There are 2 protein chains.
Amino acid sequence: MCYKGRMQRDRLPTLEDVARVAGVSRATVSRVVNGIRNVDPQLHEVVWDAVGKTGYVPNRMARSLVTRRTGTVALVVSDSESHDDDPFMSRFFADPYFGRVVGGLMSVLRQSGVQLALQIVGSDDGRKRLVGDLRNGQADGVIVLSLPAVDALPGMLTEGGVPAVMIGRPAEPVPINYVDLANESGATLAAEHLLGRGCQRVAMISGPADVPASHDRISGFRRAMAKHGHGWVPIVAGNFTQESGEDAMRTLLSQTSDLDGVFVANDVMAAGALLALRDAGRRVPEDVAVVGFDDSSAAVTAQPALTTVRHPLEDMAAEAARLLLARIEDAEMRVSSVIYEPTLVLRKSA
Amino acid sequence: MCYKGRMQRDRLPTLEDVARVAGVSRATVSRVVNGIRNVDPQLHEVVWDAVGKTGYVPNRMARSLVTRRTGTVALVVSDSESHDDDPFMSRFFADPYFGRVVGGLMSVLRQSGVQLALQIVGSDDGRKRLVGDLRNGQADGVIVLSLPAVDALPGMLTEGGVPAVMIGRPAEPVPINYVDLANESGATLAAEHLLGRGCQRVAMISGPADVPASHDRISGFRRAMAKHGHGWVPIVAGNFTQESGEDAMRTLLSQTSDLDGVFVANDVMAAGALLALRDAGRRVPEDVAVVGFDDSSAAVTAQPALTTVRHPLEDMAAEAARLLLARIEDAEMRVSSVIYEPTLVLRKSA
DNA sequence: GCACATGAGGAGAGCGCTCTCCGAGTCTTT
DNA sequence: AAAGACTCGGAGAGCGCTCTCCTCATGTGC
């Protein structure tokens with residue numbers, strides 16, 4: 001009756017089935033499907049025909065089991081703060097940062113047919129399990145998003161021999177590939193622009209001090225200001241949310257009434273600062289100049305539009321993906337990092 | 001001569017190894033590890049000891065191969081517009097929409113230890129391959145993000161028997177699970193609010209008409225306006241980006257000079273509209289009242305803060321994840337959908 | 001004491017694929 | 001023309017796991 005047709009109920013065609021239809025062996029079909037050398041072009045065609053006829057799709061699981069390759073890269077986000085019902089995580093995903101990274105990553109991974117799997121690690125136990133799964137071939141490699149504070153993960157990853165690339169340098173020196181922004185240069189750019197336009201009383205709204213990127217922006221800003229004779233700069237820390245930026249600005253305003261310039265460590269906080277400034281009746285940039293950081297969509301939406309330090313996050317993420325793919329291909333690849341130089345984008349706020 | 005030694009170096013412990021250490025059979029270790037009935041509590045302990053001693057981690061690939069379960073759910077995003085070097089995609093990922101969905105999804109999936117894999121489908125060929133992979137067990141199920149325009153994917157998915165849940169209803173009636181917002185109600189809310197505050201000349205900035213959500217917002221708005229005696233409403237379409245909102249607003253302004261109210265189909269475009277309005281010297285809300293849609297972060301950042309229709313996207317995504325998980329567990333589950341009711345969030349712009 | 005039900009653990013057959021042998025056929029080489 | 005070199009395709013051994021038998025020991029009723 002039905003030769004190839006309704007064989008077993010919903011059993012999908014396997015190599016075996018294709019082989020039978022094509023009248024060759026499993027091995028040959030495998031060779032053809034994987035485009036391997038040494039196959040008679042005639043057979044080649046017969047096999048592809050059979051593939052079409054049967055509707056064969058290779059089973060990735062089976063293939064992975066033997067090749068030890070999954071065609072998947074994991075994106076690891078560390079959630080060291082809250083545990084259940086996590087306001088931190090939802091905040092994080094809603095932030096343009098996450099989306100931009102995913103966009104950059106996918107632009108490269110897509111073309112290689114590699115899929116991206118999201119992983120959140122919360123506890124130390126989770127970290128351990130993650131590395132275990134990874135070594136087991138759950139994914140071929142991993143992109144690690146800049147972790148808050150010191151984290152054991154980068155070390156565990158290199159130790160476990162898992163191909164990994166971080167976006168944002170690790171808090172502690174670890175021999176791991178990473179892609180980062182020259183945060184210090186960015187902060188310097190901001191400082192010099194503020195000073196250059198004549199600001200005399202400049203303050204900063206920073207991110208959490210234990211995040212490396214945030215730390216570097218602080219130290220870069222401090223150093224640049226010091227170099228120009230401003231030995232002391234008031235700094236209030238936020239946590240990268242708009243609300244925290246608003247609060248920080250209020251604090252700053254109450255401390256230093258004659259402020260005329262602020263550098264804010266990211267645009268979202270800067271948008272908040274703008275709100276606080278407006279409430280306080282300060283005009284931007286006439287009374288207070290504001291420089292943001294990231295050049296995210298929030299910078300354009302803000303009123304006035306933010307002068308900001310451009311963070312080419314998509315490009316960086318894309319580069320991270322390329323680096324990871326290369327490392328996966330070549331296990332001997334030496335550890336390398338790419339540092340991007342930020343640029344200042346001039347808009348209305350400073 | 002290390003015949004085997006070298007290989008053994010990076011061979012991870014398998015069930016077999018654990019079994020040898022524990023002095024039992026593979027089957028028993030498997031039973032213990034998977035917490036299955038009928039194991040002598042004493043052996044139980046011995047086995048766990050051996051697991052600890054060897055550092056055994058089950059190989060997911062092997063397990064999946066036999067169980068036909070992967071512990072992975074795919075998030076499918078359709079990219080029917082541009083092909084290479086895609087501005088559409090990067091825009092999409094940077095939009096808060098994407099992040100909010102991911103956040104909502106992960107909040108549920110995490111707890112079940114299910115991972116999320118991102119998939120972009122671009123072409124028809126891609127769609128076909130996706131369904132093939134899915135049927136092959138690449139993922140246990142799939143969350144489909146509201147697709148632009150009519151798309152064959154939902155149909156292919158149900159036909160292929162792939163557990164799937166859409167976020168946003170399909171453009172054409174297809175027996176598929178979905179979670180959606182009562183977009184028409186939302187638009188009605190906006191219309192009535194605008195009318196309620198006395199607006200006489202009201203227009204709308206819509207999204208692309210072929211996106212179901214967008215379509216529903218248009219028809220809902222039209223109907224509500226008509227019901228209150230405004231048979232005709234000027235509508236200009238944007239594409240959900242800030243820039244397009246700005247352009248649309250300018251167009252509207254040039255067409256209808258005495259506008260006093262606008263309903264914008266998402267907050268990001270509304271932010272753009274605000275910019276155009278400011279440029280045109282119209283005060284918001286005094287001269288023109290603006291109501292947005294989504295209640296995304298852009299609504300708070302905007303100046304003035306947007307009165308907007310709240311779209312509980314995180315909750316909806318979480319519900320979609322729950323629905324999918326349930327469907328995966330129970331293949332007989334009947335097709336069901338959940339519709340969320342939007343609410344109006346009052347801020348400054350209207 | 002025997003037949004029987006009961007339950008614990010082992011043996012082993014795959015899941016669908018890749019890849020290393022090998023054998024058979026074809027083409028050089030001396 | 002014989003012997004090697006090369007090509008192409010098949011057989012079959014796994015990859016690490018689950019799960020269905022099956023065996024064997026123990027408990028139960030008469």
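Owing to the predicted nature of the structure, the values given are computational and were not obtained by experimental measurement. In what follows, chains are A, B, ... by sequence order, proteins preceding strands, each numbered from 1.
Among the atoms of the strands shown, only primed sugar atoms or phosphate atoms (P, OP1, OP2) are found under 4.0 Å from some heavy atom of Arg68(A).
Side-chain contact between Val32(B) and Val46(B): absent, with no pair of heavy atoms (C-beta onward) separated by less than 4.5 Å. The side-chain heavy atoms of Arg322(A) and Leu325(A), taken from C-beta on, include no pair separated by under 4.5 Å.
One finds a side-chain N or O of Ser25(B) lying less than 4.0 angstrom from the OP1 or OP2 phosphate oxygen of dG10(C). Look at Ser30(A) and you won't find any side-chain N or O under 4.0 angstrom from OP1 or OP2 of dC17(C). Between Asn59(B) and the phosphate of dC15(D), there is no side-chain N or O to OP1/OP2 separation shorter than 4.0 Å. Contact annotation: Ser64(B) does not reach the phosphate of dC17(D) (side-chain N/O to OP1 or OP2, under 4.0 Å).
A salt bridge does not link Asp124(A) with Lys128(A): every distance from a Lys NZ or Arg NE/NH1/NH2 to an Asp or Glu carboxylate oxygen is 4.0 Å or more. Remark: Glu159(A) does not engage Arg135(A) in a salt bridge, criterion side-chain N to carboxylate O under 4.0 Å.
Atoms CE (Met61(B)) and C1' (dC17(C)) sit 13 Å apart, rounded to a whole Å. dG10(C) atom C1' lies 12 Å from atom CG of Leu43(B), rounded to whole Å. Atom C1' of nucleotide dG9(D) and atom CD of Gln42(A) are separated by 14 Å, given to the nearest angstrom. The CZ-P distance, from Arg69(B) to dC19(D), rounds to 11 Å in whole Å. When the C1' atom of dC15(D) is taken as reference, atom CG of Asn136(A) falls 12 Å away, rounded to whole Å. As rounded to whole Å, 17 Å separates atom P of dG16(C) from atom CG of Asn34(A). Counting to the nearest Å, the C1' atom of dC19(C) and the CZ atom of Arg63(A) are 13 Å from each other. In this structure, Tyr56(B) atom OH and dG16(D) atom P are separated by 10 Å, rounded to whole Å.
Helix bend of the helix from dG1(C)-dC30(D) to dT30(C)-dA1(D): the angle between its two end axes, each built from five pairs, comes to 50° after rounding to 10°.
Considering only the side chain of Val24(A), dG10(D) comes nearest among dG14(C), dT18(C), dG10(D). Out of dG16(C), dG9(D), dC17(C), the shortest distance to the side chain of Leu65(B) is found at dG16(C). Of the candidate nucleotides dG12(D), dC19(D), dC17(D), dC17(D) has the atom nearest to the side chain of Arg26(B). Distance from the side chain of Asp40(A) is smallest to dG9(D) among dC17(D), dG9(D), dG16(C).
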Please step through side chain to side chain contact (heavy atoms under 4.5 Å, CB included) for the pair Ser78(B) and Leu153(B), ending with a clear verdict.
CA-CA 9 Å; Ser78(B) 165; Leu153(B) 192 58; 5.6 Å; no
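Taking each heavy atom of Pro163(B) and Ile328(B) in turn, the nearest pair found is CB-CG1, 4.0 Å.
Partner of Val174(B) under the side-chain contact (heavy atoms from CB on, under 4.5 Å) criterion, out of Val335(B), Asp151(B), Thr158(B): Thr158(B) alone.
Relative ring orientation between Phe98(A) and Phe98(B) is described as parallel, the plane-to-plane angle staying below 30° on a 0-90° scale split at 30° and 60°.
Two residues, Leu15(A) and Arg31(A), neighbour DNA chain C, and the one matched to the more 5' nucleotide by heavy-atom proximity is Leu15(A). When each of Ala62(B) and Ala27(B) is assigned the nucleotide of DNA chain C bearing its nearest heavy atom, the one mapping closer to the 5' terminus is Ala27(B).
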